[in-house]
Amino acid sequence: SLSAKMNAISRPFTLLATAAMLVLGGDHPPGEENEDCEAYNEMDLRLAGASPDAGRVEVFHEEKWGTLCGKPDINLAKVLCKELGFGRHIGIFTIAPKTPVENWISDIVCGGDEASIFECKHSDWATGSGCSEESPPIAVRCEAAGLDKVESIPRSELILPGLDPSTALSPYKAQHTEKCGVLPSVLPFGNNQTASFVYKEQIQKWLEDRRERLEEVMCRNPKANPDAINNFPDLRYNSFGFDFPHDSKKVLGNDILKSEAADALREGYLSPNAKVFWALDHQARHPEKLPEMSEASKAIFRNLSRDGFVRIDDFGLDMNALQETADWALNQREMKNVTVVLDDGACVMARPKVPALDPLLTNETVNAAIRAYLGQDSVMHGYKILRVSKRLAGADNYIAADWHHDRAGRRLKLFVFLHDIDNMGGRPTEVANGTHNLVYWSFEDYYTSRYDNEYIQKNFQVHQLGGPRGGGFIFDTNSIHRGSPYGNAKRETIILEYHNEYKCPAIHSLGMNVPCPSGDQYMAYHKL
């Protein structure tokens with residue numbers, strides 16, 4: 001392993017350059033967990049799936065939780081996020097329960113200004129049309145904290161290589177070009193691709209639409225467009241998206257985004273958000289020149305660039321101080337602006353200020369590697385404390401248990417372990433090696449970002465990211481990953497989130513339904 005001194009502190013920091021599995025003895029147990037059952041009132045709402053800011057919405061009635069069903073409309077998301085106590089709505093989608101639950105309310109229609117979902121038009125309890133394709137189980141993405149530190153950029157001043165900012169998010173419009181039977185060799189939208197995804201029925205329709213679109217685009221210029229795609233330098237693809245080798249010399253910088261081949265790739269394959277994320281992230285993935293940095297920073301950067309993650313076995317922090325803050329914050333159940341209890345205590349999330357993290361925020365070894373990976377103007381936006389408890393029983397009610405990416409493009413999260421986390425029973429984060437550079441065909445839809453476990457295990461090298469107390473890992477949330485739901489132990493971590501400083505303002509200026517930064521954290525905004 002490699003070692004380097006942390007800035008301004010004496011304890012050593014060690015990088016685990018290998019991806020060996022750690023099986024640890026558990027000398028440092030998690031903090032005490034409040035085992036009291038949560039008390040709920042009639043008509044209470046919650047987000048199911050043990051995520052603090054996204055999930056299927058459920059209502060408490062007759063001592064049982066049940067679904068809400070309605071037309072997925074942004075006005076409905078606006079009312080729900082407000083009633084759930086969030087700052088604003090990000091988006092609305094649908095997730096069917098994996099195990100049967102009551103359908104309490106259906107046929108919901110909101111105007112957007114209602115103070116409660118019960119002021120909207122809806123059926124009586126357990127009546128109405130129920131859940132259907134037109135009125136599915138409702139899930140929302142909400143933003144929990146203020147964004148006063150995220151500046152807005154006038155859309156006319158945005159720099160999106162290869163894109164016109166004024167039309168960057170315009171959806172594809174079919175022109176009903178006569179079919180010519182010409183398709184490129186890059187064909188990821190076959191019927192057999194449904195096996196890669198969790199939500200196969202929705203994916204089948206999505207694949208059919210994408211094939212029709214691709215053929216239409218190719219047939220507009222059948223002598224040029226297919227060849228442009230087939231000859232794109234170093235292009236690799238699968239059923240999820242495309243990428244280039246991390247060390248490719250043929251796609252350095254942003255000039256490749258302005259080519260005719262890139263135009264054909266965008267028009268034939270990519271959703272609006274995918275086009276934007278490609279433009280925002282390509283330069284960082286394939287920089288023309290790297291900054292100067294220490295050998296330890298280079299080692300962190302090399303591992304991130306090659307694998308999408310890097311293990312650190314000691315961040316050099318005062319763990320007793322961190323544990324003291326975590327124990328206090330995770331038990332402040334009445335302070336809803338600080339602590340959120342999810343799924344009867346399956347997960348507890350807290351967002352207090354944590355002064356004991358300050359040495360990490362100013363550590364130049366870590367910061368230099370992150371700047372090299374995200375771009376020189378990078379920022380740590382915030383952090384949170386997360387406990388996954390022993391009450392989490394399997395994958396059915398854990399939204400992070402499906403293999404997925406975060407639909408936010410290139411960004412980093414840094415995990416600090418508050419106790420030893422065993423790969424065998426400690427519910428570690430799992431990452432599919434080398435998926436971090438993928439530009440996914442679509443970033444908008446929930447069902448296009450959830451992947452079949454058997455397919456992932458068969459086709460990718462999967463790493464379990466456990467480790468010792470005081471250590472942790474850094475990983476790109478654009479990687480395909482999941483939170484393991486299996487185990488017999490609690491897991492307590494502190495999670496920090498990093499972006500390129502330009503990214504979130506660009507996303508806000510375009511009006512994209514992407515939480516950037518994530519709202520479920522203490523907003524710190526520390527420029528690296």
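Checking Phe443, Phe197, Tyr440, Phe189 one by one against Phe240, the ring-ring contact (aromatic ring centres under 6.0 Å, His included) holds for a single residue, Phe197. Screening Tyr269, Trp206, Phe277 against Trp441 for a ring-ring contact (aromatic ring centres under 6.0 Å, His included) leaves a single residue, Tyr269. When each of Arg410, His246, Arg236, Arg306 is checked for a side chain to side chain donor-acceptor pair (under 3.5 Å) with Asn437, only Arg410 meets the rule.
Using cut-offs of 30° and 60° for the angle between ring planes, the Trp278 and Phe232 rings count as tilted. Note on ring orientation: taking the six-membered ring where Trp is involved, the planes of Tyr199 and Tyr446 are tilted (angle from 30° to 60°).
A donor-acceptor contact closer than 3.5 angstrom is absent between the side chains of Arg371 and Ser378. In this structure, a donor-acceptor pair under 3.5 Å is absent between the side chains of Gln193 and Tyr455.
Cation-pi geometry between Arg407 and Phe93 is met: the NZ or CZ atom falls under 6.0 Å from the ring centre, inside 45° of the normal.
Salt-bridge annotation for Asp420 and Arg469: absent, with no side-chain N of the basic residue lying under 4.0 Å from a carboxylate O of the acidic one. Looking at Glu58 and Arg56, a side-chain N of the basic residue comes within less than 4.0 Å of a carboxylate O on the acidic one, giving a salt bridge. Under the 4.0 Å criterion applied to side-chain N and carboxylate O atoms, Glu208 and Lys205 are not assigned as salt-bridge partners.
Taking each heavy atom of Gly162 and Arg266 in turn, the nearest pair found is O-NH2, 3.3 Å. Across Glu288 and Gln283, no two heavy atoms sit closer than the pair N-NE2, 4.0 Å.
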Let me see the working for His481 and His405 under ring pair (Phe, Tyr, Trp, His ring centres under 6.0 Å), right down to the final yes or no.
CA-CA 6 Å; His481 64 282; His405 63 89; 8.4 Å; no

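Between His381 and Tyr525, the ring centre distance stays below 6.0 Å.
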